Amino acid sequence: MTESLTDTFAERLIAWQAEHGRHDLPWQNTRDAYRIWLSEIMLQQTQVATVIPYYARFLERFPDVAALAAAPQDDVMALWAGLGYYSRARNLHRCAQAVVADHGGRFPSDPETLATLPGIGRSTAAAIAAFAYDAHAAILDGNVKRVLARVFGIEGFPGTPKIEREMWALAESLLPERNLPAYTQGMMDLGATLCGRGKPRCGECPFDGDCVAHSTGRERTLPTSKPKKAQPERYVDVLVIRAGDRVLFERRPDSGIWGGLWSLPELTPPLDTLEPDDAALRDRLGARAATLGAAHGVVREMVPLLGLTHVFTHFKLHLRPWLVTMAQSAASSEATDSQRAWLSAGEAAGAGLPSPIRKIADALAPDNGQLSLPA
């Protein structure tokens with residue numbers, strides 16, 4: 001009887017991974033569940049090259065789960081700044097605390113128990129359990145979905161419940177009895193290297209002769225793309241409120257974009273035009289500054305700065321910064337608290353700021369005791 005693709009899939013993938021897969025990533029060649037977990041969370045929706053320096057910095061600052069659990073959230077968010085999807089960082093901190101408090105500082109070996117921890121879903125739990133404990137559990141991240149859709153010719157957008165259930169069933173049916181870490185790594189490697197989104201290298205793939213997408217010329221159309229919608233655009237006026245050599249920052253709410261990070265205050269609602277009436281804008285800026293405790297609402301100068309655009313997964317954000325100069329006494333009369341802080345350029349450089357806000361903050365270069373910003 002001729003063996004089917006499902007019968008030989010795992011064996012061929014493991015053999016390919018041994019010869020052609022990735023073997024020298026910083027989080028490989030370890031059974032330390034903490035290091036494996038940290039890498040898996042960072043790698044969610046983020047490329048390996050981007051993750052590597054963050055992973056190294058996190059391990060240097062937090063060498064084990066107890067150190068991470070004991071750290072202030074601000075320290076965690078500051079190290080994460082720039083990596084994006086900031087709910088991951090908040091959940092990372094909460095998960096470390098749960099592992100210490102509820103599991104004696106040791107990550108559970110059972111995938112179902114792992115999946116109950118903050119920030120760990122079914123696929124991530126399976127990866128951690130497979131790499132750390134040889135658990136018999138299937139992963140199904142974006143790379144794996146792409147491999148399965150192409151090799152087995154699965155039609156339909158993988159994000160729909162019906163197609164996802166079909167893919168989970170297939171992924172579980174393909175699991176080998178042994179060599180789970182090598183098999184799991186092979187699934188990740190194949191999707192990340194040969195079976196990429198744009199230009200799959202089919203000639204190097206161990207399933208080249210059996211792949212439905214390749215044999216039918218549908219490498220570019222499988223997996224089925226998500227139905228496109230017009231990308232919303234949002235405009236936000238941010239205030240660079242300067243008092244002497246310091247600028248006012250406030251903490252973002254935990255929910256929403258940039259949750260828990262420090263950012264510049266926003267003018268709400270945003271301006272209807274980029275050429276507002278000066279008197280009306282000055283009144284609004286003064287009122288907003290007053291609510292933040294800045295110089296008792298006295299605006300000395302107001303200057304528009306060069307705007308910038310930041311693209312998220314689901315919308316495009318246009319930031320329009322306004323330099324608002326206040327009396328120097330504003331910063332000295334208001335103490336830093338948990339929700340707002342007057343920071344110098346040097347202090348801002350060490351704070352947890354979102355990437356586009358960081359670009360604005362990096363322009364706050366000291367110049368004879370003053371802050372100079374681009375107009």
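Computed from a prediction, not measured in an experiment: that's the story for all the values here.
Inspection of the Q28 and Q185 side chains reveals an N or O donor paired with an N or O acceptor under 3.5 Å. In the model, H23 has no side-chain atom that pairs as donor or acceptor with a side-chain atom of N29 under 3.5 Å. For Q44 and T124, the side-chain atoms include at least one donor-acceptor pair closer than 3.5 Å.
Other residues, nucleotides and ligands contribute more than 12 heavy atoms inside 6.0 Å of the CZ atom of R22. Dense packing is recorded around CZ of R90, with more than 12 heavy atoms of other residues, nucleotides or ligands lying under 6.0 Å away. Within a 6.0 Å radius of CD in E112, other residues, nucleotides and ligands contribute 12 heavy atoms or fewer. Counting non-hydrogen atoms of other residues, nucleotides and ligands closer than 6.0 Å to CD of Q231 gives a total above 12.
Considering CG of L319 and NE2 of H310, their distance stands at 8.5 Å, rounded to 0.5 Å. Note that CD1 of I241 and CZ of R340 are 10.0 Å apart. Values are rounded to the nearest 0.5 Å. The CG atom of D134 sits 11.0 Å away from atom OG of S109, with the distance rounded to the nearest 0.5 Å. For the atom pair F62 CZ and L92 CG, the distance stands at 9.0 Å (nearest 0.5 Å). Within the model, atoms CZ of R251 and CE of M77 stand 8.5 Å from one another, a figure rounded to the nearest 0.5 Å. A distance of 13.0 Å separates CG in L305 from CZ in R320, rounded to the nearest 0.5 Å.
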Practice item. Assess whether side chain to side chain contact (heavy atoms under 4.5 Å, CB included) is satisfied between V212 and R150, documenting all intermediate values. Key: CA-CA 6 Å; V212 173; R150 286 175 173 167; over 6 Å; no
Practice item. Kindly indicate, with the supporting measurements, whether the criterion salt bridge (charged side-chain N to carboxylate O under 4.0 Å, His left out) is fulfilled by E164 and K145. Key: CA-CA 9 Å; E164 185 149 322; K145 288 179 179 179; 3.1 Å; yes
Exercise for review: With side chain to side chain contact (heavy atoms under 4.5 Å, CB included) as the test, would you mind laying out the steps for L175 and L180 before giving the verdict?
Suggested key: CA-CA 8 Å; L175 286 173; L180 263 300; 3.8 Å; yes
Practice item. Evaluate the side chain to side chain contact (heavy atoms under 4.5 Å, CB included) criterion for residues E233 and H318: first the C-alpha distance (whole Å), next the side-chain angles of each, then the deciding distance (0.1 Å), finally the verdict. Key: CA-CA 7 Å; E233 299 191 48; H318 301 283; 2.6 Å; yes
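Looking only at side-chain heavy atoms (C-beta outward), R252 and E266 come within less than 4.5 Å of each other. By the 4.5 Å heavy-atom criterion applied to side chains, F249 and L264 are counted as neighbours. Using a 4.5 Å heavy-atom cutoff, the side chains of V147 and V144 are not in contact. The shortest side-chain heavy-atom distance between L248 and L239 does not fall under the 4.5 Å cut-off. Between K162 and R165, the closest side-chain pair of non-hydrogen atoms falls below 4.5 Å. Side-chain contact between R242 and V324 is absent, with no heavy-atom pair separated by less than 4.5 Å. A heavy-atom distance below 4.5 Å is found between the side chains of M167 and P158. Looking only at side-chain heavy atoms (C-beta outward), I120 and C95 come within less than 4.5 Å of each other.
With respect to Y55, the ring-ring contact (aromatic ring centres under 6.0 Å, His included) criterion is satisfied by exactly one of Y34, W37, W27: W27. Across T184, N179, D189, a single residue satisfies side-chain hydrogen bond (donor to acceptor under 3.5 Å, both in side chains) together with Q17, and that is D189.
Between D141 and R146 no salt bridge is recorded (no basic side-chain N to carboxylate O distance below 4.0 Å). Looking at R12 and D210, a side-chain N of the basic residue comes within less than 4.0 Å of a carboxylate O on the acidic one, giving a salt bridge.
Hydrophobic clustering of Ile, Leu, Val, Met, Phe, Trp and Tyr side chains at less than 4.5 Å, counting indirect connections, keeps W80 apart from Y85. Put simply, L194 and L25 are part of the same group of oily side chains (I, L, V, M, F, W, Y) that touch within less than 4.5 Å, one to the next. Note on I52 and I41: same hydrophobic cluster, where clusters join Ile, Leu, Val, Met, Phe, Trp and Tyr whose side-chain heavy atoms are under 4.5 Å apart, directly or indirectly. When the side chains of ILVMFWY residues are joined at heavy-atom separations under 4.5 Å, either directly or via intervening members, L222 and L5 end up in two distinct hydrophobic clusters. Hydrophobic clustering (ILVMFWY, side-chain heavy atoms < 4.5 Å, transitive): L38 and V99 are in one cluster.
When all heavy atoms of P111 and A135 are compared, the pair lying nearest together is CG-CB, 4.1 Å. A pairwise comparison of heavy atoms in Y133 and A33 identifies OH-CB, 3.6 Å as the closest pair. Minimum heavy-atom separation, P321 to G307: CD-CA, 3.7 Å. Of all heavy-atom pairs spanning I36 and A127, the tightest one is CG2-O, 4.5 Å. Between C205 and L190 the shortest heavy-atom distance is SG-CD1, 4.2 Å. Heavy atoms only, all atoms of each residue included: T113 and H103 are closest at CG2-CE1, 4.0 Å.
Within the 3.5 Å criterion, the main-chain N or O of L83 finds a donor-acceptor partner in the side chain of R88. Side chain of H136 to main chain of A130: no donor-acceptor pair is present (N/O by atom type, distance under 3.5 Å, no hydrogens or angles). Under the 3.5 Å distance criterion, the side-chain polar atoms of T160 are matched with a main-chain donor or acceptor of F157.
F312 and F315 have their aromatic ring centers within a separation under 6.0 angstrom.
Residues forming a ring pair (Phe, Tyr, Trp, His ring centres under 6.0 Å) with F152 (at least two apart in sequence, or on another chain): F9. Legend: residues meeting salt bridge (Lys or Arg N to Asp or Glu O under 4.0 Å) with R57, ordered by chain and number and at least two apart, are absent.
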